[in-house]
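Side chains included, hydrogens not; waters and symmetry mates left out as well; all remaining heavy atoms used.
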Amino acid sequence: MKQKINGRTIEISNPHKVFYPNANITKGEILNYYNRIAEYMLPHIRNRLVVMQRFPEGIGKEGFYHKQVPDYFPEWLQRKTVTLRKGEKQDIAVVNKKADIIYMAEKGVITFHIWLSQKDNIEKPDKLIFDLDPPKKGEFSEVKFAAYKLRDLFQDMGLIPYVMTTGSKGVHVVTPIKPEYDFDIIRQYVRDILTELVKKYPDRFTLEPRKDERQGRVFLDYLRHAFGQTSVAPYSLRPIEGAPIATLLEWEELPYIENSQKYHMKNIFKRLSQKKDPWKEFKLHRKSLDI
DNA sequence: GTCCACG
DNA sequence: CGTGGACAACGCGGC
DNA sequence: GCCGCG
Ligand SMILES: [Mn+2]
Ligand SMILES: [Mn+2]
């Protein structure tokens, strides 16, 4: 079977292979999903380097993260050569068009993880991302409490924070910024800010990286702010039964969200047909940080 | 999903 | 010619 | 340097 997109012909293999065993979702359905969702994804993923999380045998078998684009990927898929901390070079995939998403999905990519910077300015992130997860199963309300506190914090700084489910356990609070500072500067800056917030709520928040030291507190994960680190792309599927999706929200919806997997392959298009883009103004809301 | 050494 | 097995990430914090 | 973590 073949599909033609953006003038590229993509050969689709094994469309009937089951990728989500429990729900019986096939590779063909995943490709159909990415075909339909691409227009919503592209504004957020375009011009960014991506790490592919691949499950060529479905989520019932082991998957892997894939950064170095293999030579057998087509020449039309853009690579960006980056130098790792250890000095080695790596050719990372860049998403520019719908065909890029579909090609990667054809190669078993279920989840797209994207850089916080764009391809022409890879050293400088254009958004802040804080990853908030429940300290224990079923404590999503703690995640929401943390999200609101971060929202207030950034709004008070004159910034415009947004919120999304990750489709896994928690949420991301994402704030657009002008790409003016390197990752290391940003990370130190946000860490200092969060340290103050933790002082205010020492029994609910922590910056402790070791799980067994968190003691029921929400880890305010700021560690995505580093060169080469990624976060899940908007509208990416997750490799979890039920095919949950990282979904952009309005702050006004958050009170009614009870878990991170509320939106999934079976209900997302109903939502999209009823709701205007909750992040429509995201790029317009990039502000300078006062560092 | 693709590659390739090996039978 | 067919196929089993190899392969496909990395940066940060803290000890 | 290595482990836990995402
Ligand atoms: Mn998370
Ligand atoms: Mn295979």
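Backbone-only contact: A:Lys107 has heavy atoms under 4.0 Å from sugar-phosphate atoms and none from a base. Base contact: A:Glu57 has a heavy atom under 4.0 Å from a base atom. Residue contacts shown for A:Asp184 are limited to sugar-phosphate atoms, with no base heavy atom under 4.0 Å away. Among the protein residues, A:Leu207 comes within range of no part of the nucleic acid, since none of its heavy atoms lies under 4.0 Å from any strand. A:Asp131 comes within 4.0 angstrom of sugar-phosphate atoms only, judged by non-hydrogen atoms across all strands, and of no base.
Following rounding to the nearest Å, A:Arg54 (CZ) and C:dC7 (P) show an atom-to-atom distance of 15 Å. Straight-line distance from the CZ atom of A:Phe73 to the P atom of B:dG1: 11 Å, rounded to whole Å. The distance between atom OH of A:Tyr65 and atom C1' of C:dC10, rounded to the nearest whole Å, is 11 Å. The distance from atom NE2 of A:His66 to atom C1' of C:dA6 is 13 Å, rounded to the nearest whole Å.
Expressed to the nearest 0.5 Å, how far CD1 of A:Ile122 lies from CG of A:Asp120 amounts to 9.5 Å.
Using C1' as the reference atom, C:dA9 and D:dG4 are 16 Å apart when rounded to the nearest Å. Comparing the C1' positions of C:dC10 and B:dG1 gives a spacing of 23 Å, expressed to the nearest Å.
Counting only residues at least two apart or on different chains, no ring-ring contact (aromatic ring centres under 6.0 Å, His included) pair has a member in residues 181-200 of chain A. For residues 230-274 of chain A, the ring-ring contact (aromatic ring centres under 6.0 Å, His included) pairs, not counting sequence neighbours, are A:Tyr33-A:Phe269. Applying the side-chain hydrogen bond (donor to acceptor under 3.5 Å, both in side chains) test to every pair with at least one member in residues 220-229 of chain A, sequence neighbours left out, gives these pairs: A:Arg191-A:Tyr222.
For C:dA9, neither phosphate oxygen OP1 nor OP2 lies less than 4.0 angstrom from any side-chain nitrogen or oxygen of A:Gln68. Contact check, A:Arg191 against C:dC12: no side-chain N or O comes under 4.0 Å of OP1 or OP2.
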Legend entry - Verdict with reasoning, A:Asn22 to A:Glu241, per side chain to side chain donor-acceptor pair (under 3.5 Å): CA-CA 7 Å; A:Asn22 210 329; A:Glu241 269 310 338; 4.8 Å; no

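Non-hydrogen atoms lying under 4.0 Å from DNA chain B are contributed by A:Lys17, A:Lys27, all within residues 15-38 of chain A. Residues from residues 209-240 of chain A placing a heavy atom under 4.0 Å of any atom in DNA chain D, listed by number, are A:Pro209, A:Lys211, A:Arg214, A:Asp221, A:Arg224, A:Gln229.
Between A:Gln261 and A:Thr165, the side chains place no donor N or O within less than 3.5 Å of an acceptor N or O (distance only, hydrogens not considered).
Checked against side-chain contact (heavy atoms from CB on, under 4.5 Å), A:Arg214 has the following partners two or more places apart in sequence or in another chain: A:Thr206, A:Glu208, A:Lys211, A:Phe219.
The pair A:Lys262-A:Glu253 does not count as a salt bridge, with every side-chain nitrogen at least 4.0 angstrom from each carboxylate oxygen.
In this pair, A:Tyr103 and A:Phe73 present their aromatic rings perpendicular. The plane angle is above 60°, beyond the 30 to 60° band.
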